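Notes follow the structure.
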2 protein chains.
Amino acid sequence: MNKRKTIIDVAKECGLSQATVARVLNGQQDIQVKEKTRKRVMSAAQKIGYRRNTLAANFRLQQSNTIAISIPDITNPFFPELIKGIQEKMRDEGYSVIQLNNEWNPSIEKDHFQYMVQTCVDGAIISPSHSGTDFSTLEGVPFVLLTNSDLYSEYDSVGNNSKAGMRIALEHLYSLGHRKIALLVGGSMRSDPSWRYDIFSEFYREKGLTVPANFLVSCDYNVDSTLSFLQARKSMEIFLSENPMPTAFFASNDILGLAALQVANEHGIKVPDQLSIIGMDGIFSGEVSYPALSTVKKNRSEIGGISAQILLDKIKKPKDWSTKKVLLPCKLIERGSTGPV
Amino acid sequence: MNKRKTIIDVAKECGLSQATVARVLNGQQDIQVKEKTRKRVMSAAQKIGYRRNTLAANFRLQQSNTIAISIPDITNPFFPELIKGIQEKMRDEGYSVIQLNNEWNPSIEKDHFQYMVQTCVDGAIISPSHSGTDFSTLEGVPFVLLTNSDLYSEYDSVGNNSKAGMRIALEHLYSLGHRKIALLVGGSMRSDPSWRYDIFSEFYREKGLTVPANFLVSCDYNVDSTLSFLQARKSMEIFLSENPMPTAFFASNDILGLAALQVANEHGIKVPDQLSIIGMDGIFSGEVSYPALSTVKKNRSEIGGISAQILLDKIKKPKDWSTKKVLLPCKLIERGSTGPV
DNA sequence: CAAATCAATGATAACGTTATCAATTAATCA
DNA sequence: TGATTAATTGATAACGTTATCATTGATTTG
């Protein structure tokens, strides 16, 4: 077992000093080396099979070239695209990406923050597990939040404009003639869903209508997508048995919307002829349902890319940083689950 | 800006040597230190706010405590659970996980292998992008493959027994009385789908039946889940317009199965009364379709956990390693899309 | 109680890179 | 040409940890 080659070996091989060899071989190109010596070094390195020891370089530079993504759960269909968007951007810039799931558990999340500090990540992109997440553990690590909440006014953040998005959905239903719209919302640890009622009643007021009675189906939005779906199904069943049918449902995310759709189908309610349903997010499952689910799409890969860019900027010039907050628009995707009354 | 504390600072603070401080503070507990000095060190470390420099330790030990996962595409619904399974196991053992997507592109995959060597990952778990993937770039890096193909006999691998899984699905349909079963398969870069025909005809022979004419719907299984779905839809449309209806479809994965289901729904074909459909994999979308898709589930989080365990074993004792090949059973999940003829 | 053994601690050398400054060589200009 | 400046290259010191061996202190044993 022959030992791994170092720049010293290369130096010996080509008869130059360790320093010049290093100059040729280390990343930065902004150094003066003669073309001839550069070639001498390169061929010698090639010949003896030199490979840069990244661990040594990282140590010397005290940077890991790694950024961390902290999210609740990768199996939640909302996140993979987001992560892909981050990864693509980061790879282009030469960073590796470590992805950590906290299972919506604040204590695991805190461990992860500690881990990031320990392991010297250069930065982090964080989707907070709950509204009270404490970022003080992260001292020294630049980070960007994935949120549209105004709870985190002091931090950099990227998110979708969900309020506007909800209005887009309601407007869509309204334009199809729907006046009796019901709301299907899930309470979560992350944010109080009460703003949805505000938007809803505001919308009705603007249209000169009165908010219908029993317009609300609420359910626990759970850790696990499957469980959320089942919860939503249950709430839908109860609602349908106790209330007169609305003409449309707005679901605060696609999983809830799909639950409503499945229950409606099972009850022989024709979607969209008797009932329109629109969701929010734009996950894959909404494309393959029957009928395909209309939705207000959040461009998750764009969120990922932008948050990555902001983090990179912050890493590169941490001085005089002014907090950036980005809210991206949502986009209506009309599919088969919505139609005229 | 005060500099970060080192073990030397701690040593000064508590009046002990650097070496003893290191003994107390470094991970391994199997070293002899008096309880009293241990406390002295700990409180001194606490007091001055010492934090271990992981980068330095990694360099010294020449190990990154990082393993890499190489997969085609995280947005493919097959992978997130798999990754979660790996992550959980690896976190327990103190490893971080870097996840790389190659977009089914062999050249990106190769870059990723090179990157792994460069960056000194301790090991890798790889879902090959295509059947001809070349692992020679990875010299020195222990790795485990995620595959059930026998193309890779020389490597460690973990996968599901898809052949047995397909038989389970066919058996299920058969037991419901189906005799005219059609096959919906997607060709991919990873493996030749011809073994599916073999299993199919073998099954029919065993049952003393003759393989029905025009039993095959084939389509391109694409890089992108959405595209695959649309491809499969198209193939289904064509098949239905040109052939007599079978009583059941076996789809080689859930995405194809969902396409068949959606098209059937659109054509007013009652599933499962007029047509049964069964898929394979057990992705989330199959739970939320209407009717919910029966499937043969691959326990992806288990595959992840087991592959992680094998990799860990291999990292710990690379000597006298005998290649391990694990094939996990698939499990029938009966849902609404299959029923008696 | 001295000798031998064992446990605990100390001194110090790596690990391979980058960065600083000194030394050399090449290029420019009067 | 000789002096001055600019462009290359060389020598060497870090970075903070772990590991090796030497040393000291504590404990046992004949």
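Residue numbers begin at 1 in each chain, while the letters A, B, ... track the order of the sequences. Quick caveat, the model's predicted, so the values are computed rather than measured.
For A:Ser96, the side-chain hydrogen bond (donor to acceptor under 3.5 Å, both in side chains) test picks out B:Tyr115, with sequence neighbours left out. Every residue meeting the side chain to side chain contact (heavy atoms under 4.5 Å, CB included) condition with B:Phe59, not counting sequence neighbours, appears here in chain and number order: A:Ala56, A:Phe59, B:Gln62.
In this structure, NZ of A:Lys36 is placed 12 Å from C1' of C:dA26, rounded to the nearest angstrom. Separating the NZ atom of B:Lys34 from the P atom of D:dA26 is a distance of 6 Å, rounded to the nearest angstrom. Residue A:Asp9 contributes atom CG, which lies 13 Å from atom C1' of C:dT17 at whole-angstrom precision. One can place CD1 of B:Ile8 at 8 Å from P of D:dT17, the figure rounded to the nearest angstrom.
Using a 4.0 Å heavy-atom cutoff across all strands shown, B:Leu16 reaches sugar-phosphate atoms only and no base atom. Backbone-only contact: A:Ala57 has heavy atoms under 4.0 Å from sugar-phosphate atoms and none from a base. Within the 4.0 angstrom heavy-atom criterion, base atoms lie near B:Gln18.
A salt bridge between A:Glu139 and B:Arg51 is present, with a side-chain N of the basic residue lying under 4.0 Å from a carboxylate O of the acidic one.
For B:Lys314 (side chain) and B:Gly123 (main-chain N/O), no donor-acceptor pair under 3.5 Å exists by modelled atom type.
Between A:Phe284 and B:Phe284, a ring centre-to-centre spacing not shorter than 6.0 Å is recorded.
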Exercise. Could you walk me through whether B:Arg4 and B:Asp9 pass the salt bridge (Lys or Arg N to Asp or Glu O under 4.0 Å) check?
Worked result: CA-CA 9 Å; B:Arg4 189 166 166 172; B:Asp9 297 318; over 6 Å; no

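For B:Arg23 against C:dG10, a side-chain-to-base donor-acceptor contact under 3.5 Å is present.
Fit an axis to the five pairs at each end of the helix from C:dC1-D:dG30 to C:dA30-D:dT1 and the two axes sit 40° apart, to the nearest 10 degrees.
For B:Ser17, taking side-chain heavy atoms from C-beta onward, the closest of the listed nucleotides C:dA13, C:dT9, C:dG10 is C:dG10.
The residue among B:Ala19 and A:Thr54 whose nearest nucleotide of DNA chain C lies closer to the 5′ end is B:Ala19. Nearest-nucleotide mapping onto DNA chain C: of B:Thr20 and A:Phe59, the residue sitting toward the 5' end is B:Thr20.
Note that A:Arg300 lies in the cation-pi zone of A:Phe78, set by a 6.0 Å cut-off to the ring centre and a 45° limit from the axis.
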